Structures are given as structure tokens and as C-alpha cells.
2 protein chains.
Amino acid sequence: MVTSSIGDAVRDRCAHCPGRADSICNVICDEDLPFLAAESARIHIPSGRAFIEEGTPAHDFYVLTDGRVKLFNLLPDGRRQIAGFARRGDFLGLAAAKNYAFSAEALGDVMLCRFSHSSIERLTERFPRLQQRLRDEASRELIQMQRRLVLLGRKTARERLATFLVEQSCSMLCRKGRDQLTVPDGPVLVNLAMPRTDIADYLGLTIETVSRTFGLFKKERLITVRGITGITLLEPYRLVDIAEGLG
Amino acid sequence: MVTSSIGDAVRDRCAHCPGRADSICNVICDEDLPFLAAESARIHIPSGRAFIEEGTPAHDFYVLTDGRVKLFNLLPDGRRQIAGFARRGDFLGLAAAKNYAFSAEALGDVMLCRFSHSSIERLTERFPRLQQRLRDEASRELIQMQRRLVLLGRKTARERLATFLVEQSCSMLCRKGRDQLTVPDGPVLVNLAMPRTDIADYLGLTIETVSRTFGLFKKERLITVRGITGITLLEPYRLVDIAEGLG
DNA sequence: CGTATTGTTGACTACCGTCAAGCCCAGTGG
DNA sequence: CCACTGGGCTTGACGGTAGTCAACAATACG
């Protein structure tokens, strides 16, 4: 594959995983692509389909190459907690021992790259840097988890929704930047692209509370809403303050 | 070091980290102990002392060789969320990128083994199995985190405290078994060994709610309390049901 | 255009948080 | 030995935030 810049070279290295520049496949040299291809399989998941079920034997890892995925846990009576949303380039399956510790469902159409655990073993043997990448991925997730614990354990509904909006806007603006809550001074358009039930189950609230809190934000001129999923953050910095409990 | 059984051999392998049989040091062969010793430092932390502060540059990993540690995050106004409690054999510092994503404080006297990041690099180069161990450690933590999200996002105060008690009893009974909520049929004695504020901040509740819920459990003959920290679970299986939302 | 699904709004409720008083117990000093 | 003190825990009264239930509106879809 001929490329003109380092950025492109990295991005285009793997035909299976064209996502993030630091995606799993990009620790691998060009000449090894056939080896990589032999160890993975491309999979298409239609919208709404679950493809990992909590408690089932964990045989595979996945790299999300296109679309979005929600990861969640259920209580026996049906209460649901969404642990997070995965995006293009994300690695799925680290939160598993013998069995998966979560369920995963496509949010819209999804393309995945599947690697069996034994494939990953072979790949890490051949590409030691991959081990490091996996550890970094796990660290990144652990950091996010800590923030989510604070959100669910100690924040009010208002703070939770503000956190969510800022988080979403960060992840839209820049893939790498979503780990810190930095936003521009001016208005930001965010496309939530998920129903209210998902927002509620992610924030540990009910859809009614989510709806009411959106209403408050509108009334306070913090956001404007276009349709259902199109949200414009009018004063992102104020939302950041609210998210941190300073608003 | 002369040992009589495989179990002892594994346990005694590392003079620094005598904890779990699968502790970080035990991927290392006997003859390499001097190398390991050169890469780590033993540290004593007195009760109540904080030794990792959220947001500070992350230079080191730690292995907890004795005592207990609480890991937590703070909001600017002082609200605290305890993310978890580390025990002998646990690995600390994976939830960090450039900076630590959490603070850590000794719960009672603590002995640590400190490894700089560069030490870990050298160690993983020399002992590739260590990479695998670190990944496993991260996976284990991620699995726990998922359960904690459900607890904080979707469980009632009653369910949270029941979960906590079962969790604690599991971790007391068997170091490895704490990932599943299996308890004996008969009464179990649990020593909480932490103040109510810590329980509250771990469960996302107030100390008053924790206290009241303990009171309810007593009244329902689910537990008996000796002093402040000595709890006997009279019907562990019923507590498990409550923890899962079935009680 | 009609139906179904999803979202919004309102009235009411309940769980848990807040505030305050009192308790228990350990440690201290008279 | 006992009173005193202080910190952590418990208990009670009250209030607020978010949940529940229900009706209605908006949107999607055939």
C-alpha cells in the first residue's frame, strides 16, 4: 500500500482495522499484514444485534472498525447498567476472565475485527509491542471506569447529564482527546445517536429524569436541541463546571 | 531458599512480595531474585497516610505486600468515591496514563513493593510472562469495575450493603475466590476493619444510610454485630439474593 | 394517513440525604 | 476509680431529589 505521509501510512496499515492511528493492528509492520489477516476475521453486525453475552465463555477479542457499540450489565430483574460506549478503533473483550463480564450490542450497523484468544497469543509473540498496546488499552479503560464510579456514586442527575454531554462532545471532536474534558469556548454540535433509554441506563437514571434535565438545560440556555439527538452545547465551559460539581 | 512443596516454593519465591501465590514476583525464577530485588524497593506506609495522589505524575507501580489500601477519587467540593480496596498481593497503578487517575491511602499499616515504570519495562523484557500477568491483573480489575458500576448505578441501599458484605466475606474466605459471590451455607464472620465513612463512600451512600441499613439487617436477623467492625452473616445465601435484587 | 414507538410533561411517592440530638466507648487525667 | 472529653456511630425528624405512574405529544414507519 502506497502512502504519502506517516499519518496515512499508520492509518492504512491494516485493511481490517482502519480506525484509530494507534489501533491494535498498527503495531504491525506492512510485510506482516498477511499474517495478521490470517489471524482475524471481519464481521458485520446489524443494528441492535447483541454479539457478546455476559457470562458466556470468552473466546475472542474484538476491534471495532466501524460503528458504535454499547456495553452493559443486567440484574436478574432486568435493571440495566450501560458501562460504556465503544467507538471505531476500540478494543473489546479485556473485561473477561473465563467468561465475558459484560454484554455488547450494536448501536447502528457495526463492523468488527475478531481475534481468538489464541490468535492474540500468536500475535503478541510475533509483535511484542502489542502486549504494551493491550496494557495501555486496559489502563485507558480503567481510568474511564474510575470517572464513571464518581459519576454514578457521587454526582446529581444534573451533573451526570452535563458530564455525559461534555464527554460526548470531546469524543466527537477528537478521538484521542476524550480522556480529558477539554472543549472549545464556542458552541459545539453533538450527535447523541442513541435513544433516551441508553442515556438513562448509562447515567444510572430514568428516562424521565434525563428528559426533565434536558428541559432544564434548554431553559437555562445551556443547550439547544434539534430533533432528538442533535444537541448544541451553547456554553461548553459552563457545562464542564456543572459536570465537576461547580455549577 | 529451601522449600518443601510447590506451594511453598511459589509463595516464598520473592522475599519482597510474600503475598498471593500468583503475585507479580512469582513469574520470576529463583535465580533471578537478585535482579528483581535491584528493581524494587520496600516501603512502609503508616496508617492513614496517602501515598498516591490523583493527578500527580505516575512514575511507579506498587505491589501491596501487607495491609490494606483504599483507592478513591475526589470531586472539587470534597465528595469522595472509593473505587475499591486493595489487599495483600494486589497490584496498584494500572489506572494511570501520564498521571495517576486515583488517590491511595493506607487502611492500617501497609507494606509496599515499589517498581518504577522503567523497572517494569526491564522486568517484562526479561520475564515475558509478566506482561501476561499485568494484563490479567487489569482484566480482573475491569471485571470488578463493571460490577461496581451496576452497584452504584442500579442498586438500592439495601442491595448495595448486602453486596458489600458478601464481597467482603468472599475476600476474607479465599483470596482467589472473591471474583465470584460464593459463600458457605452457615454463618460467616467478617471483619470490616474500616470506618463507616469508608463503607459509605464505597457504596455511594451516606454514613446514616449505611447505619440504618445495618440496623435493618440486624432486625431481620440477617446479621449480628460485635463491636463496630465484627459482623456475622447469619444467612449468607439470603444476603446474596438481596445483593442480586432478588431479596 | 394511521399506528406504533419514543419522548415529554405532570402529579404523586418514596428513598435516601440533611441536620441535629444523643449514644457508646476509648483514652485521659484528676 | 471515676468523671470528662472527643470521635465515631446511631437514631429521629424532616425535606429534596429522583423514581413511578399515567396521560399526552412527537416522531418514525408502513
Side-chain angles (χ1 to χ4, degrees), chain A residues 47-48 70 75 77-82 107-108 150-165 191-220 223-231 242 245 247, chain B residues 47-48 70 75 77-82 107-108 150-165 191-220 223-231 242 245 247:
Chain A
S47 182
K70 58 185 169 200
L75 284 172
D77 62 5
R79 277 175 283 176
R80 185 177 70 154
Q81 178 62 46
I82 294 185
L107 231 162
V150 175
L151 182 138
L152 294 175
R154 287 302 180 211
K155 289 189 181 178
T156 65
R158 188 179 166 74
E159 290 160 357
R160 293 183 202 196
L161 193 63
T163 308
F164 173 72
L165 290 174
N191 184 16
L192 298 183
M194 68 180 78
R196 294 289 188 262
T197 47
D198 286 353
I199 301 176
D201 284 347
Y202 177 63
L203 298 177
L205 301 170
T206 59
I207 54 171
E208 291 94 335
T209 299
V210 169
S211 187
R212 275 187 255 271
T213 310
F214 268 126
L216 283 177
F217 284 173
K218 265 193 286 191
K219 207 166 278 174
E220 298 177 43
I223 62 170
T224 56
V225 182
R226 218 178 224 304
I228 288 167
T229 60
I231 312 270
I242 294 170
Chain B
S47 182
K70 57 184 169 200
L75 284 172
D77 63 3
R79 277 175 282 177
R80 186 177 67 155
Q81 177 62 46
I82 294 185
L107 231 164
V150 175
L151 181 138
L152 294 175
R154 288 303 181 209
K155 288 189 181 178
T156 64
R158 189 179 165 74
E159 290 160 357
R160 292 183 203 197
L161 193 64
T163 307
F164 174 71
L165 290 174
N191 184 16
L192 298 183
M194 70 180 76
R196 294 287 187 264
T197 47
D198 286 353
I199 301 176
D201 284 347
Y202 177 62
L203 299 178
L205 301 169
T206 59
I207 54 170
E208 291 93 335
T209 299
V210 169
S211 186
R212 275 187 256 272
T213 310
F214 270 126
L216 283 177
F217 284 174
K218 266 194 283 192
K219 207 166 277 174
E220 298 177 42
I223 62 170
T224 58
V225 182
R226 220 178 222 305
I228 289 168
T229 59
I231 311 272
I242 294 170

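All values reported here derive from a predicted model rather than from experimental measurement. Here is the naming used below: chain letters follow the sequence lines, and residue numbers restart at 1 for every chain.
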Test item: B/Arg154 side-chain N/O and A/Leu205 main-chain N/O as donor-acceptor pair under 3.5 Å | yes

Between the main-chain N or O of B/Leu152 and the side-chain N or O of B/Arg160, is there a donor-acceptor pair closer than 3.5 Å?
-> yes

Distance in angstrom units between [X] [atom1] and [N] [atom2], rounded:
| X | N | atom1 | atom2 | answer |
| --- | --- | --- | --- | --- |
| B/Phe217 | D/dT11 | CZ | C1' | 18 Å |
| A/Asp77 | D/dG19 | CG | C1' | 15 Å |
| B/Ile199 | D/dG8 | CD1 | P | 14 Å |
| B/Leu161 | D/dT10 | CG | P | 11 Å |
| A/Glu159 | D/dA18 | CD | C1' | 14 Å |

Any side-chain heavy atom of [X] sitting closer than 4.5 Å to one from [Y]?
| X | Y | answer |
| --- | --- | --- |
| A/Lys155 | B/Leu75 | yes |
| A/Ile199 | A/Leu161 | yes |
| B/Leu192 | B/Phe164 | yes |

Among B/Arg80, B/Arg79, B/Lys70, side-chain hydrogen bond (donor to acceptor under 3.5 Å, both in side chains) partner for B/Asp201 |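 The side-chain hydrogen bond (donor to acceptor under 3.5 Å, both in side chains) with B/Asp201 is passed solely by B/Arg80 among B/Arg80, B/Arg79, B/Lys70.
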
Spacing of [X] atom [atom1] and [Y] atom [atom2] [to the nearest 0.5 Å]:
| X | Y | atom1 | atom2 | answer |
| --- | --- | --- | --- | --- |
| B/Leu151 | B/Tyr202 | CG | OH | 7.0 Å |
| B/Ile242 | B/Thr163 | CD1 | OG1 | 9.5 Å |
| B/Thr224 | B/Lys218 | OG1 | NZ | 9.5 Å |

DNA chain C: 5'-most and 3'-most nucleotides touching chain B, 4.0 angstrom heavy-atom criterion | C/dC16 to C/dC19

Can you name the ring pair (Phe, Tyr, Trp, His ring centres under 6.0 Å) partners of B/Phe214, sequence neighbours left out?
-> none

Pick one: which of B/Leu107, B/Thr229, B/Ile82 meets side chain to side chain contact (heavy atoms under 4.5 Å, CB included) with B/Met194?
->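 Checked B/Leu107, B/Thr229, B/Ile82 against B/Met194; only one passes side chain to side chain contact (heavy atoms under 4.5 Å, CB included): B/Leu107.
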
Examine D/dA18: is either OP1 or OP2 under 4.0 Å from a nitrogen or oxygen in the side chain of A/Arg212? Give yes or no.
-> no

Mind listing the N/O atom pairs, protein and nucleotides 27-30 of chain D, below 3.5 Å?
none

Residues of residues 200-208 of chain B with a heavy atom under 4.0 Å from any atom of DNA chain C, listed by number, are B/Gly204, B/Leu205, B/Thr206, B/Glu208

The helix from C/dC1-D/dG30 to C/dG30-D/dC1: angle between its terminal axes, five pairs each, to 10°?
->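 For the helix from C/dC1-D/dG30 to C/dG30-D/dC1, the axes at either end differ by 30°.
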
Report the residues that fulfil side chain to side chain contact (heavy atoms under 4.5 Å, CB included) with B/Ser47, sequence neighbours left out, ordered by chain and then residue number.
-> B/Asp109

A/Arg154 or A/Thr197, whichever maps to the more 5' nucleotide of DNA chain C |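 The residue whose closest nucleotide sits nearer the 5' end is A/Thr197.
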
Minimum heavy-atom distance between B/Ile228 and B/Val225, given as atom pair plus value =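 Shortest heavy-atom contact: O-CG1, 4.4 Å.
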
